[in-house]
Each structure stands twice: as structure tokens, then as C-alpha cells.
Asks: 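The structure follows.
Heavy atoms only: backbone and side chains are in, while hydrogens, waters and symmetry mates are out.
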Amino acid sequence: MPVPGSRRPMSRRAFGTALAGVFGVAVFAGCGSSSDAASSGSTTGGDDSGGLFDTSKVHDVELTFDTDDYSEMLSKYLDGGDKEWIETAVTIDGTAYQKAGLRFKGNSSLRGVSTSSDPKDLPWLVRLDKYVDGQTHDGYNEFVIRSSNTSTALNEAVALELLGMAGLATQKSFSTRFTVNGGSAVLRLAIENPDDTWDAENFSSAGLLYKAEANGDYSYRGDDASSYDDVFDQEAGDDDLTPLIAFLKFINQSSDTDFGTDLKKYLDVEAFATYLAFEDMISNSDDIDGPGNNSYLRYTTDSKVMTVVAWDHNLAFGGMGGGGGGGNNAGGGGMPSGGTRPSGGAMPSGAAMPSGGGQMPQNGGGGKGGGGGPGGKSNILVTRFKANTTFAAAYTKAGTDLKSGLYTSGKAAAVLKARAAVLTAQASDLVSTDTITSETSKIEAYFS
């Protein structure tokens with residue numbers, strides 16, 4: 001299967017183990033699907049040498065904006081949930097850009113925001129060309145400063161690299177020494193924002209990209225596009241909800257027989273089996289059927305099928321609080337040795353909340369089994385997919401092969417070691433070496 005082209009070639013550290021041939025085609029790591037979508041041109045996250053997403057360094061990112069503009073933006077968000085843009089200057093590794101755009105990015109990560117919140121701790125979308133056409137850094141016009149419930153954000157950084165190695169569309173990331181208006185620096189993780197540029201890099205054919213909203217679901221609400229205004233946002237491609245509505249109608253209203261026979265006409269089923277197994281393997285409680293409903297749907301125009309694109313991995317590896325794992329994890333992720341889920345939904349001692357006021361899922365996350373984890377939502381696609389014998393077998397097999405190819409092989413450990421080494425060498429003034437070592441050990445426990 002050809003790897004879709006991207007703006008800058010990336011080495012694909014394919015893990016070599018063939019994934020399930022349940023659908024009559026061999027699925028190989030690094031090419032996680034038979035469609036153009038899941039092969040994704042996805043990066044392992046550390047190959048953008050010298051560029052913005054070069055993970056061999058901790059990048060400097062500084063924002064400078066008017067505090068009155070910020071106060072007004074914050075007030076509008078607190079009053080009505082509006083995410084307004086303000087103008088900011090952005091300096092990246094010493095290169096300054098004027099008149100960039102800045103707005104809040106996120107849903108659950110903003111639930112605790114207040115007038116006392118420190119801007120350096122909040123989740124942001126930075127858009128360099130918001131007010132200046134064509135303004136980019138290393139060819140990128142925007143990136144997201146993520147919220148995290150860990151000090152290092154290694155759990156999300158590693159998860160995103162592994163997602164690409166699994167052959168699925170991912171987002172490149174970099175660690176940043178982040179400052180706001182000349183204040184003290186904090187260690188944050190920045191990642192790509194799925195938009196037209198990202199879509200062109202990750203998919204070789206034209207298509208449409210839809211973002212599932214946190215207050216939405218995968219229900220069918222009729223053929224009127226306005227019925228989906230608060231459920232999905234279109235992020236890339238010409239505005240057209242027709243393919244999305246047809247897909248939602250099928251997964252909700254088809255008979256079990258038709259669902260099993262015809263789903264492949266609507267969905268890249270191999271990529272979806274890999275996606276479900278992967279999210280279980282990294283014990284992410286906030287995926288497609290988690291409390292944040294985190295996912296994108298990407299419609300490829302020529303094949304006319306959807307691909308589920310993963311998004312938001314700051315709760316990967318159990319959220320690093322000991323509350324992950326459990327359930328029917330096909331990939332064998334589970335709890336690290338000796339880990340237990342807190343009773344009554346309480347977080348264990350020492351579990352950190354996401355910076356920016358985000359909230360942990362109820363019951364501390366956990367495996368999702370048949371769809372809909374504790375505190376999450378029951379996603380109709382997940383539920384029906386796992387209820388089908390053939391699809392469930394593909395999901396189970398994908399989990400076994402992913403665990404072997406990424407964990408047992410030592411490749412996940414190598415990614416983690418490289419990321420942690422950069423933080424130890426370049427950011428130990430922001431996060432202590434002991435903290436880096438401790439959080440590394442918590443992630444590494446999932447690999448055994």
C-alpha cells in the first residue's frame with residue numbers, strides 16, 4: 001500500500017508485525033488500513049529534524065498580548081462559552097511573528113477556567129496567519145498548546161508517536177518552554193491542529209473532516225444539516241454534511257445483518273478495529289466513547305468511506321493517576337502491575353488534574369468494553385462494532401498484534417526513553433529529574 005505524500009517526508013518506523021487479515025487483506029503496521037486514510041503519512045513524531053516539530057529539542061514559545069483583550073475574551077467565554085480570537089505576538093525559537101491569532105482550545109479542559117486562571121496554564125490554539133495572510137513558521141500556520149494532567153505530558157507525547165507507528169493518522173507534537181507576557185516559563189506540549197494543512201499531509205485523496213463536539217454523539221438526527229450544529233464541526237474541505245448524515249443514519253438505523261455486510265461501504269473497518277485496540281492498549285478513557293467524545297470523522301471523497309481519527313490523549317496510560325486500564329482491553333494494556341482502580345470514583349492520592357481546570361472522568365476512567373466507559377458515553381458505532389463477531393475478532397487480533405509490535409518489541413520503550421531524555425537534558429529546570437523519572441516509570445509499566 002502506498003504511503004500518502006506529505007509536505008516533508010517522514011521515516012515510518014513500522015513495527016513489522018502484520019495486523020489482522022480478517023477482512024481478506026493483510027494489514028501491516030505503518031499501513032494500518034486498506035484505504036488511503038489510515039496509512040495517513042503519519043509521523044512517528046521525532047523526524048521533523050530542525051523544524052517546528054523536531055522532538056530532539058524543547059522549543060521556546062512566547063505569547064505577548066494585551067491583558068484587556070484577554071480579559072474581554074475570558075469574560076465572553078465565561079458568559080456564553082464563546083471562544084473569541086484576540087491578537088497576539090508569537091515568538092518561536094527566537095523568530096517573532098506579529099498579529100497572530102489566539103483563542104481557547106478545548107472543552108472539558110476549560111470547564112474549570114475562571115477569572116483567577118493563569119493564562120500560561122490554559123489550552124490555546126495559536127494561528128499565525130489569522131490576521132496576516134501566509135504567515136507561517138516552518139510551513140505551519142497553527143498549533144495547539146495542550147492541557148495536561150501530568151507534569152511532563154510524556155503520556156500524550158508518547159501516545160501520539162505510537163499512534164503514528166500503528167499506521168493511523170496522528171498529530172505531531174513538541175515540548176515547549178512556554179511563557180506568556182514575560183512571565184515565568186512552564187513546560188507544555190504543543191501539537192498539530194487537524195485542519196486543511198494537516199488533512200493534506202495525512203491523506204492522499206481529497207475529503208472532508210468533521211470534529212465531534214463534546215456535547216454531541218453519533219446519533220442520527222434527521223437529514224437537516226442544522227440539526228448537527230452542536231454535534232459536529234467541519235474542519236476541512238468544502239462545507240458539506242451530507243456524507244456525515246448518511247453515515248450516521250446507517251450506523252443507527254441499519255439492521256444487524258446490513259451493518260455486518262455493508263459497514264465497509266461506509267467505514268474503514270480495519271482502521272477502526274486498530275483504533276479501538278490502540279486506545280485500549282494505551283488505556284485512554286477519553287476516546288470516541290469517553291466523556292469528551294474525542295474524535296474526528298474523515299470522509300474520503302473517492303472511496304466514500306469514513307475513517308475515525310483519534311484526538312486528545314492527555315489521559316493516555318490511565319491518565320497517569322492509576323485509574324486507567326481494566327475492562328476488556330483487547331490490546332492487553334490494562335493497569336500497570338500492582339495498579340488498582342480507586343473505589344467510588346475517587347482519584348488516587350497524587351493524581352493531578354489537567355492544567356486549565358480540566359476534569360478527570362468519573363470513576364477514574366478505565367476500560368470501555370462494549371462501548372461507553374465509566375462516566376463516558378455509549379457510542380453506537382463502538383457498541384455495534386464490538387457486537388459483531390467478525391469485527392470483534394478483528395479488534396481482538398489488532399490488539400494482540402499492536403501489543404507485540406509496539407510493547408513487546410521494545411519500540412514503545414525506545415520512544416519513551418528518547419522523549420524523556422530530551423526533557424531531562426533541556427527542561428529539568430522546569431520539571432525535576434525525579435518527576436521525569438517517576439512519570440516515565442508509570443508509562444513504562446504499561447509496556448510489560
Asks: Do Leu154 and Ile443 come close enough that some side-chain heavy atom pair is under 4.5 Å?
Replies: yes
Asks: Look only at the side chain of Thr274 and the backbone of Glu270, and say whether a donor-acceptor pair between them is shorter than 3.5 Å.
Replies: yes
Asks: Hey, what do you get for CG (Leu267) to CG (Leu381), rounding to the nearest 0.5 Å?
Replies: 6.0 Å
Asks: Check whether the side chains of Lys249 and Tyr266 place a donor and an acceptor atom closer than 3.5 Å, and report yes or no.
Replies: no
Asks: Looking at Asp195, is its backbone amide N or carbonyl O close enough to the side chain of Asp199 to form a donor-acceptor pair, meaning the two atoms are under 3.5 Å apart?
Replies: no
Asks: Is the closest side-chain heavy-atom distance between Leu248 and Leu244 below 4.5 Å?
Replies: yes
Asks: Can you establish whether the number of heavy atoms outside Lys417 located under 6.0 Å from its atom NZ is more than 12?
Replies: no
Asks: For the atom pair CG (Leu52) and OG1 (Thr55), what is the distance rounded to the nearest 0.5 Å?
Replies: 11.5 Å
Asks: Under 3.5 Å, side chain of Asp217 to main-chain N/O of Ser219, donor-acceptor pair present?
Replies: yes
Asks: Verify whether one side chain among Asn141 and Thr136 offers a donor that lies under 3.5 Å from an acceptor in the other.
Replies: no
Asks: Show the numbers, then the answer: is there a side chain to side chain contact (heavy atoms under 4.5 Å, CB included) between Asp240 and Tyr299?
Replies: CA-CA 11 Å; Asp240 184 7; Tyr299 176 76; over 6 Å; no
Asks: Let's go through Asn193 and Phe143 carefully: what are the C-alpha distance in whole Å and the side-chain angles of both, what is the deciding distance for side chain to side chain contact (heavy atoms under 4.5 Å, CB included) to 0.1 Å, and is it a yes or a no?
Replies: CA-CA 5 Å; Asn193 186 45; Phe143 55 88; over 6 Å; no
Asks: Compare all side-chain heavy atoms of Tyr210 with those of Met306 and state whether any distance is below 4.5 angstrom.
Replies: yes
Asks: Cationic tip of Arg298 within the cone over Phe203's six-membered ring, i.e. under 6.0 Å and within 45° of the normal?
Replies: yes
Asks: Take the angle between the ring planes of Phe385 and Phe391 and call it parallel below 30°, perpendicular above 60°, tilted in between.
Replies: parallel
Asks: Can you see which heavy atom on Phe104 is nearest to which on Leu110, and at what distance?
Replies: CB-CD1, 3.7 Å
Asks: Could you give me the CA-CA distance, side-chain angles and deciding distance for Val132 and Gln98, then say whether side chain to side chain contact (heavy atoms under 4.5 Å, CB included) is met?
Replies: CA-CA 8 Å; Val132 180; Gln98 302 301 319; over 6 Å; no
Asks: Would you call Gln234 and Leu208 a side-chain contact if the rule is heavy atoms closer than 4.5 Å?
Replies: yes
Asks: Specify the closest pair of heavy atoms between Glu192 and Glu201, including all atoms of both residues, with the distance to one decimal.
Replies: OE2-OE1, 3.2 Å
Asks: Quiz question: by atom type and distance under 3.5 Å, do the side chains of Thr150 and Ser148 form a donor-acceptor pair?
Replies: yes
Asks: Counting neighbours of CD on Glu87 that are heavy atoms of other residues, nucleotides or ligands and sit closer than 6.0 Å, is the number greater than 12?
Replies: yes
Asks: Which residues pass the salt bridge (Lys or Arg N to Asp or Glu O under 4.0 Å) test with Asp69, sequence neighbours left out?
Replies: none
Asks: Has the side chain of His137 got a donor or acceptor atom that lies under 3.5 Å from a matching backbone atom of Thr91?
Replies: no
Asks: One thing to verify: whether Glu161 and Lys172 come together as a salt bridge, which I'm taking to mean a side-chain N less than 4.0 angstrom from a carboxylate O.
Replies: no
Asks: Indicate the atoms forming the closest heavy-atom contact of Pro119 with Val180, along with that distance.
Replies: CB-CG1, 4.0 Å
Asks: Between OG1 of Thr176 and CG of Asp93, what distance do you get to the nearest 0.5 Å?
Replies: 8.0 Å
Asks: Spell out, as yes or no, whether a donor-acceptor pair under 3.5 Å connects the side chain of Trp311 to the backbone of Thr170.
Replies: no
Asks: Going by atom types alone, do Glu156 and Asn314 pair a side-chain donor with an acceptor below 3.5 Å?
Replies: no
Asks: To the nearest 0.5 Å, tell me how far Asp287 CG sits from Glu279 CD.
Replies: 5.0 Å
Asks: Applying salt bridge (Lys or Arg N to Asp or Glu O under 4.0 Å), name anything that partners Asp229, two or more places apart in sequence or on another chain.
Replies: none
Asks: Side chains of Arg419 and Ser173: is there a donor and an acceptor less than 3.5 Å apart?
Replies: yes
Asks: Would Lys211 count as a cation-pi partner of Tyr296, with NZ or CZ less than 6.0 Å from the six-membered ring centre and within 45° of the ring normal?
Replies: yes
Asks: Got Glu142 and Leu125 here, is their nearest side-chain heavy-atom distance under 4.5 Å?
Replies: yes
Asks: Drop me the distance from Leu423's CG to Leu187's CG, to the nearest 0.5 angstrom.
Replies: 5.5 Å
Asks: Please tell me whether Arg146 and Ser109 have a donor and an acceptor in their side chains that are separated by less than 3.5 angstrom.
Replies: no
Asks: Between Asn155 (side chain) and Ala316 (backbone), is there a donor-acceptor pair under 3.5 Å?
Replies: yes
Asks: Could you tell me whether the side chain of Tyr275 reaches within less than 4.5 Å of the side chain of Tyr395, counting heavy atoms only?
Replies: no
Asks: Would you indicate whether the side-chain heavy atoms of Tyr77 and Val113 approach each other to under 4.5 Å?
Replies: yes
Asks: Using a 4.5 Å cut-off on heavy atoms from C-beta on, say whether the side chain of Ile288 contacts that of Val382.
Replies: yes
Asks: Any side-chain donor-acceptor pair under 3.5 Å between Tyr218 and Asp289?
Replies: no
Asks: Search all heavy atoms of Val308 against all heavy atoms of Ser295 and return the closest pair with its distance.
Replies: CG1-CB, 4.3 Å
Asks: Determine, stepwise, if the pair Met165 / Leu406 fulfils side chain to side chain contact (heavy atoms under 4.5 Å, CB included).
Replies: CA-CA 8 Å; Met165 294 171 71; Leu406 293 176; 4.0 Å; yes
Asks: Write down the atom of Gly51, the atom of Asp138, and the distance for their closest heavy-atom approach.
Replies: CA-OD2, 3.2 Å
Asks: Is there a donor-acceptor pair under 3.5 Å between the side chain of Asp258 and the backbone N or O of Ser254?
Replies: no
Asks: Indicate yes or no for a side-chain donor-acceptor contact from Glu213 to the backbone of Asp230 under 3.5 Å, with no hydrogens or angles considered.
Replies: no
Asks: Keeping the roles fixed (side chain from Asp196, backbone from Gly237), state whether a donor-acceptor pair exists under 3.5 Å.
Replies: yes
Asks: Are any of the side-chain nitrogens in Arg127 or Asp129 under 4.0 Å away from the carboxylate oxygens of its partner?
Replies: yes
Asks: Does Ser117 reach the main-chain N or O of Ser114 with its side chain, forming a donor-acceptor pair under 3.5 Å?
Replies: yes
Asks: What's the separation between atom CE in Met281 and atom CG in Leu162, rounded to the nearest 0.5 Å?
Replies: 6.0 Å
Asks: If you take all heavy atoms of Ser205 and Thr300, which pair is closest and at what distance?
Replies: CB-CG2, 3.8 Å
Asks: Regarding His313 and Gln171, do their side chains bring together a donor and an acceptor under 3.5 Å, going by distance alone?
Replies: no
Asks: Sequence neighbours excluded, which residues qualify as salt bridge (Lys or Arg N to Asp or Glu O under 4.0 Å) partners of Asp262?
Replies: Lys265
Asks: Taking only Lys NZ, Arg NE, NH1 and NH2, and the carboxylate oxygens of Asp or Glu, determine whether Arg188 and Asp121 approach each other closer than 4.0 Å.
Replies: no
Asks: What is the ring orientation for Phe259 with Phe250, classed by angle as parallel under 30°, tilted 30 to 60°, or perpendicular over 60°?
Replies: parallel
Asks: Just checking Tyr140 against Phe53, ring centres under 6.0 Å apart?
Replies: yes
Asks: For Asp79, look at atom CG and say whether over 12 heavy atoms of other residues, nucleotides or ligands are found less than 6.0 Å away.
Replies: yes
